[in-house]
Amino acid sequence: PLVEDGGDRLRAAVGQLQGKLVAQLDQAQGAGVETLAKRLEQRPVFGKGTQYALGFDHVGRVGSRRRSRRLYCIGAPAFQALAIIGGGESVNGRRRRQAIRRACARDRARPRAGWRSPVASRGGGVLCASAVSGDNWRLRSDPATCLEEPHMSSNDRVIIFDTTLRDGEQSPGASMTGEEKLRIAKALERLRVDVIEAGFAIASPGDFAAVKAIADNIKDSTVCSLSRAVDADIERAAEALAGANSGRIHTFIATSPIHMQYKLRMQPDEVIAQAVKAVKKARNLCGDVEFSCEDAGRSEIDFLCRIIEAAIDAGARTINIPDTVGYAIPHQFGETIRQLLERIPNADKAVFSVHCHNDLGLAVANSLAAVAAGARQVECTINGLGERAGNAALEEIVMAIKTRQDLLKVHTRIETEHILSASRLVSGITGFPVQPNKAIVGANAFAHESGIHQDGVLKHRETYEIMSA
């Protein structure tokens, strides 16, 4: 009904909305997005809890802390839904989100920044802001000029790369069927995992089929396939990912002296040449390529600098530094990341990632040390599933980042309220029970036996509980 009269009513609704928002945003100039969020929560435009379009890539609530450090664009695709919702209709948060998504879906299934909506063409401006500083909110006439949250990580967002379906399945006894893998992939998509490593396409026909099925069905997360630095592996990965909305080839080669000497039986220069060849091959088949230095935790820093610089020049846009055997100590691993970022001339052209194993019980600690040093992708698994002692646990990484934003000053896009259901799904499918005292998802994680603790929690929850979903 807002566009039946040629857009006049829509323009009026947009103008009214923009006027109210601009007035509140002017008061928030220079005070940061957190101040803006509080103002909208205290004196909201359409009532407390109103849902706003955030970016052209996702929808959420401005007044929510979990969104408070994101890039926001209050955008034209949602104006119609906002006007309807703001008209006094009493609906809960879930129905608000559904209404906004339906409004967006009329023009395109998944609107993104840089796309000019027909609704926007009729209705006028878009209000844009960077969450990094609150003083650059501005009204723009064309959504194509709206600031966009980049695919490569900004200084304050950590990409969550889940490898439950690949490295997690390598836990002895944790094999999954193709159908089970797809169920888990959909749960990860609902969790808003950025990258899902679906498997190792060349490993078997079953692995190929699983990667292909996930690539064909997952639309909101990047789907990744692992491959060795070998042409056949890379071609098979590209074939499996052909139907992906967003695909990534993750190729790797060992870089530690012990691996190069005894496993690869190659000289360092040969390893670099093989890595460059593999990255170029992958880049010709897929626009998103990640390169990993296997056993980087025991590799020489000078050699890592050489091979990573060459891989970035060849086209890799994500560089992964794995502690493959769980050998690193947090301060040492963090220093390695810091040195790589400082010493590699083209480091600014790639996202630096880490993949830590838990052989010494330090996978999460090492990952967080790397994030503090500048890594902006963390590879992890649900429940810490993985080879030997497992990987860094996704739930622990995400909740540590969320709970200690004051220290780490980064965020993820994970919808933390879905962590427990994903944990239970993976546990049920693999048959690996979650220990009762497991952080975040264990049965006892928020249980209190001590009378002193119970008394404190009853009086004020935060006396003994430091987080919530």
Side-chain angles (χ1 to χ4, degrees), residues 65-66 157-168 170-171 174 184 187-188 190-197 297 320-324 326-331 333-334 337 353-373 375-427 430 432-447 464-469:
R65 285 192 303 169
R66 69 175 179 271
R157 186 163 91 82
V158 174
I159 295 166
I160 297 298
F161 177 114
D162 182 275
T163 184
T164 303
L165 300 175
R166 200 276 302 169
D167 203 327
Q170 291 175 206
S171 298
I184 291 174
L188 295 173
R190 184 183 181 211
L191 196 58
R192 301 200 72 210
V193 163
D194 297 284
V195 185
I196 300 171
E197 190 165 50
N320 187 43
I321 309 299
D323 182 25
T324 305
Y327 184 71
I329 301 297
H331 76 273
F333 196 60
I337 299 300
S353 169
V354 293
H355 176 123
C356 297
H357 280 262
N358 207 38
D359 297 69
L360 294 176
L362 295 171
V364 170
N366 285 331
S367 299
L368 293 175
V371 168
R376 287 298 179 264
Q377 177 176 287
V378 175
E379 304 195 358
C380 44
T381 61
I382 299 293
N383 299 336
L385 203 63
E387 284 203 77
R388 303 183 313 278
N391 290 274
L394 178 149
E395 60 276 7
E396 296 176 24
I397 294 289
V398 168
M399 292 309 298
I401 288 173
K402 179 177 179 180
T403 304
R404 294 311 309 271
Q405 283 191 356
D406 61 320
L407 182 64
L408 295 169
K409 303 187 186 305
V410 293
H411 69 277
T412 72
R413 73 168 196 162
I414 297 297
E415 298 282 2
T416 54
E417 60 267 32
H418 300 310
I419 284 177
L420 184 59
S421 59
S423 168
R424 289 175 174 171
L425 176 65
V426 171
S427 177
T430 61
F432 282 35
V434 175
Q435 66 193 62
N437 63 332
K438 169 76 169 65
I440 315 302
V441 294
N444 292 347
F446 296 93
Y464 287 97
E465 292 185 3
I466 62 171
M467 72 188 88
S468 63

Inset, instruction - Consider only side-chain N and O atoms of Lys402 and Thr412, and report whether a donor and an acceptor are under 3.5 Å apart. - result: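 No, Thr412 and Lys402 have no side-chain donor paired with an acceptor closer than 3.5 Å.
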Legend entry - Under 3.5 Å side-chain donor-acceptor pair for Asp323 and His355: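 Short answer, no.
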Which heavy atom of [X] sits nearest to which heavy atom of [Y], and what is that distance?
| X | Y | answer |
| --- | --- | --- |
| Ala328 | Asn366 | O-ND2, 3.1 Å |
| Thr430 | Ala174 | CG2-O, 4.2 Å |
| Ser171 | Gly386 | OG-O, 2.6 Å |
| Asn358 | Ala389 | O-CB, 3.4 Å |
| Leu408 | Ala400 | CD1-O, 4.0 Å |
| Asp194 | Ile160 | OD2-N, 2.9 Å |

Can you tell me how far [atom2] of [Y] sits from [atom1] of [X], rounded to the nearest 0.5 angstrom?
| X | Y | atom1 | atom2 | result |
| --- | --- | --- | --- | --- |
| Leu394 | Leu191 | CG | CG | 6.0 Å |
| Glu396 | Ile419 | CD | CD1 | 10.5 Å |
| Leu360 | Tyr327 | CG | OH | 9.5 Å |
| Leu368 | Ile397 | CG | CD1 | 4.5 Å |
| His418 | Leu188 | NE2 | CG | 12.0 Å |

Legend entry - Arg190/Glu415 under side chain to side chain contact (heavy atoms under 4.5 Å, CB included): CA gap, chis, key distance, verdict: CA-CA 8 Å; Arg190 184 183 181 211; Glu415 298 282 2; over 6 Å; no
Legend entry - Short side-chain to backbone donor-acceptor contact, Thr163 and Glu197, under 3.5 Å: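 No, the answer is negative, given that no donor and acceptor are paired below the 3.5 Å cut-off.
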Is any side-chain heavy atom of [Y] closer than 4.5 Å to one of [X]?
| X | Y | answer |
| --- | --- | --- |
| Phe161 | Asn320 | no |
| Ser367 | Phe333 | no |
| Asp406 | Arg404 | yes |
| Asp167 | Glu387 | yes |
| Val195 | Asp162 | no |
| Leu385 | Asn391 | no |
| Arg157 | His411 | yes |

Legend entry - Of Gln377, Arg413, Glu379, the residue whose pairing with Ile159 passes side-chain contact (heavy atoms from CB on, under 4.5 Å):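 Output: one option passes, namely Gln377.
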Inset, instruction - Show your reasoning for whether side chain to side chain contact (heavy atoms under 4.5 Å, CB included) applies to Ile401 and Val158. - result: CA-CA 9 Å; Ile401 288 173; Val158 174; 4.2 Å; yes
Inset, instruction - Please list, chain by chain and in numerical order, all residues satisfying side-chain contact (heavy atoms from CB on, under 4.5 Å) with Ser423, sequence neighbours excluded. - result: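 With sequence neighbours excluded, Ser423 shows a side-chain contact (heavy atoms from CB on, under 4.5 Å) to Ile382, Asn383, Val434, Val441, given in chain and number order.
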